[in-house]
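Notes follow the structure.
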Amino acid sequence: MKVVMLGGPEEIDRWEQPADWPRLTAAELISHAPDATWLVTNGESVIARASAWWSAAPPLPGESLGAVGHFAASSRDATRMVLDAASEALRSRGATLAVGPMDGNTWRRYRLVIDAGTEPPFFLEPTNPPEWPRWFADAGWKRHSEYVSSVNDDLSRVDPAGAEKVRALTQRGVVMRELRLDDYDAELRRIYAVARVSFAGAYLYTPIDEDDFVAQYAAAKPAVVPRLVTIAEHDGIPVGFCFCVPDVNERAQGRPMRTAILKTFAVLPGYTGLGGALADRTHAEARRLGFTRVIHALMHVSNDRSRALSRRIAHEIRRYALFERRVREL
């Protein structure tokens with residue numbers, strides 16, 4: 001086995017990667033712009049890969065952070081080799097802490113499933129072989145932060161204070177409406193105006209420009225059911241949104257499509273109760289459309305607002321982790 005650093009993005013397409021790995025192409029490398037990418041090879045076979053970002057990585061107070069992502073591996077030893085190469089590169093460029101797997105920032109693929117539970121993977125959820133977290137640990141990485149997904153499998157359950165919240169918001173002039181699919185790009189730009197403010201304080205947040213945000217959410221358009229996406233407006237200005245889509249994995253697997261996924265919701269400061277009202281409306285619309293379950297996806301365990309809402313009406317089905325490795329002492 002040997003470690004090879006790519007000389008340019010186009011080189012990735014010259015190598016055949018295992019079909020069950022998350023796909024990585026030259027186009028993605030160009031778009032994601034890692035500072036370096038490594039392969040571990042055994043003859044003509046690729047048995048591990050990873051990229052590192054040190055010139056543009058999420059901020060973390062008290063640390064100089066580097067990100068390690070695009071990870072995939074077929075063995076424990078290959079995992080150690082590629083993660084060691086990335087960690088040493090980050091150390092030599094002044095990073096103090098490496099986090100991963102994260103494809104540069106939290107807008108892209110990141111985290112590993114550490115407790116899969118019994119539910120099958122849902123649409124837009126990261127997946128990985130069960131041994132990958134163990135291989136990270138064997139390479140000297142430990143858990144940095146954890147995330148959970150929960151499911152409400154009784155959509156008749158609602159927030160007892162929900163009606164009062166909606167009344168108060170209506171009196172203020174806040175109106176909730178469904179997404180206009182025939183104006184999808186413009187609707188995404190309205191959502192972005194809320195997301196860039198609401199997410200600014202989120203853990204490991206990295207700003208993203210409007211066009212990149214629209215491009216990411218544009219990929220979900222074929223799955224969008226307008227009644228499952230709610231935009232809240234105050235005097236015509238967006239102040240909150242809830243982005244929910246059907247779990248199209250169920251249909252692809254030949255199962256009845258009974259689950260909706262509450263992927264993202266955000267509310268501007270000063271609109272107390274709007275998050276709960278948006279969630280209640282989403283659950284009600286899902287039920288009217290014939291869905292029987294709503295998954296609250298990928299919540300950081302320290303996100304008290306989202307977790308509090310989920311704990312009232314849902315139960316945990318999956319747990320994920322982002323890992324870290326100290327590469328330079330503070």
Inset, instruction - Output all residues satisfying side chain to side chain contact (heavy atoms under 4.5 Å, CB included) with Ala86, sequence neighbours left out; order by chain, then residue number. - result: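 Counting only residues at least two positions away or on another chain, Ala86 forms a side chain to side chain contact (heavy atoms under 4.5 Å, CB included) with Trp38, Ala52, Val68.
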Inset, instruction - Apply side chain to side chain contact (heavy atoms under 4.5 Å, CB included) to Met176 and list each qualifying residue two or more places apart in sequence or on a separate chain. - result: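 Partners of Met176 under the side chain to side chain contact (heavy atoms under 4.5 Å, CB included) test: Val166, Thr230, Ala232, Leu274, Ala277, Leu278, Arg281.
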Legend entry - Sidechain-backbone polar pair: Ser198 side chain, Val267 backbone, donor-acceptor under 3.5 Å: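 Side chain of Ser198 to backbone of Val267, a donor-acceptor pair under 3.5 Å: yes, one is there.
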Inset, instruction - Before giving the answer on side-chain hydrogen bond (donor to acceptor under 3.5 Å, both in side chains), spell out for Asp154 and Ser156 the whole-Å C-alpha distance, their side-chain angles and the decisive distance to 0.1 Å. - result: CA-CA 5 Å; Asp154 180 1; Ser156 66; 2.5 Å; yes
Legend entry - Residue pair Leu289 / Arg227, side-chain heavy-atom distance below 4.5 Å: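 Leu289 reaches Arg227 side chain to side chain.
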Legend entry - Gap separating the CG atom of Leu83 from the CZ atom of Phe323, nearest 0.5 angstrom: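 It comes to 10.5 Å.
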Inset, instruction - Identify whether the distance between the nearest side-chain nitrogen and carboxylate oxygen of Arg111 and Glu146 falls below 4.0 Å. - result: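 Judged by the 4.0 Å cut-off on N to carboxylate O distance, Arg111 and Glu146 do not form a salt bridge.
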Legend entry - Charged N-O contact under 4.0 Å between Glu88 and Arg93: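 Salt bridge: no.
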Legend entry - Polar side chain donor-acceptor pair, Thr259 to Arg293, under 3.5 angstrom: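 Side chains of Thr259 and Arg293: pair found under 3.5 Å.
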Inset, instruction - Compute whether any side-chain donor of one residue and acceptor of the other, for Tyr203 and Thr106, lie under 3.5 angstrom apart. - result: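 Short answer, no.
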Legend entry - Near-ring test His296/His283, centroid separation under 6.0 angstrom: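 Centroid separation for His283 and His296: below 6.0 Å.
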Inset, instruction - Please check if the distance between the ring centroids of Tyr184 and Tyr217 is under 6.0 Å. - result: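 No - the distance between ring centres of Tyr184 and Tyr217 does not fall below the 6.0 Å cut-off.
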Inset, instruction - Hey, can you tell me if Trp107 and Phe199 have their rings parallel, tilted or perpendicular (30° and 60° cut-offs)? - result: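 Geometry flag for Phe199 against Trp107: tilted rings.
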